[in-house]
Undergrad: 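Provided herewith is a single structure, encoded as structure tokens, for subsequent inquiry.
Sequential numbering from 1 along the given sequence is applied to the chain's residues. Computed from a predicted structure; not experimentally measured.
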Amino acid sequence: GLAPFVIYDATGSTTVIKVDQRQDGGKWNTLGSFDFAPGWNKVQLSRWTSGSAVVIADAMRVTKNG
């Protein structure tokens, strides 16, 4: 199964990025580039996936561009 990450940007829009953690686990995976409002940022790993798969995230890293 694919692990769905839900990104909430500065405009309040949501984007869902799905990552195959079986193939791409054990390393940093880039989800994309997003504009976040100061003081309010949210990226969630959703547990809602297909089948009997389990999704787990150990850490998340956010970097500033520019």
Undergrad: Looking at every non-hydrogen atom in both residues, tell me the closest pair between Val16 and Pro4 and how far apart they are.
TA: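 Shortest heavy-atom separation between Val16 and Pro4 comes out as CG1-CB, 4.1 Å.
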Undergrad: Report the distance from atom CZ of Phe5 to atom OG1 of Thr15, rounding to the nearest 0.5 Å.
TA: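 OG1 of Thr15 is found 14.0 Å from CZ of Phe5.
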Undergrad: Pairs under 3.5 angstrom only: tabulate donor-acceptor contacts from the side chains of residues 26-37 to other protein residues two or more places apart or in another chain.
TA:
from	atom 1	to	atom 2	distance (Å)
Asn29	ND2	Asp24	O	2.9
Asn29	ND2	Lys27	O	3.3

Undergrad: Evaluate the criterion side-chain contact (heavy atoms from CB on, under 4.5 Å) for residue pair Ile7 and Ile17; output intermediate values, then yes/no.
TA: CA-CA 8 Å; Ile7 296 101; Ile17 306 292; 3.6 Å; yes
Undergrad: Does Thr11 have any side chain to side chain contact (heavy atoms under 4.5 Å, CB included) partners at least two apart in sequence or in another chain, and if so, which?
TA: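 Testing Thr11 for side chain to side chain contact (heavy atoms under 4.5 Å, CB included), a comparison that skips the adjacent residues, returns Asp9, Ser13.
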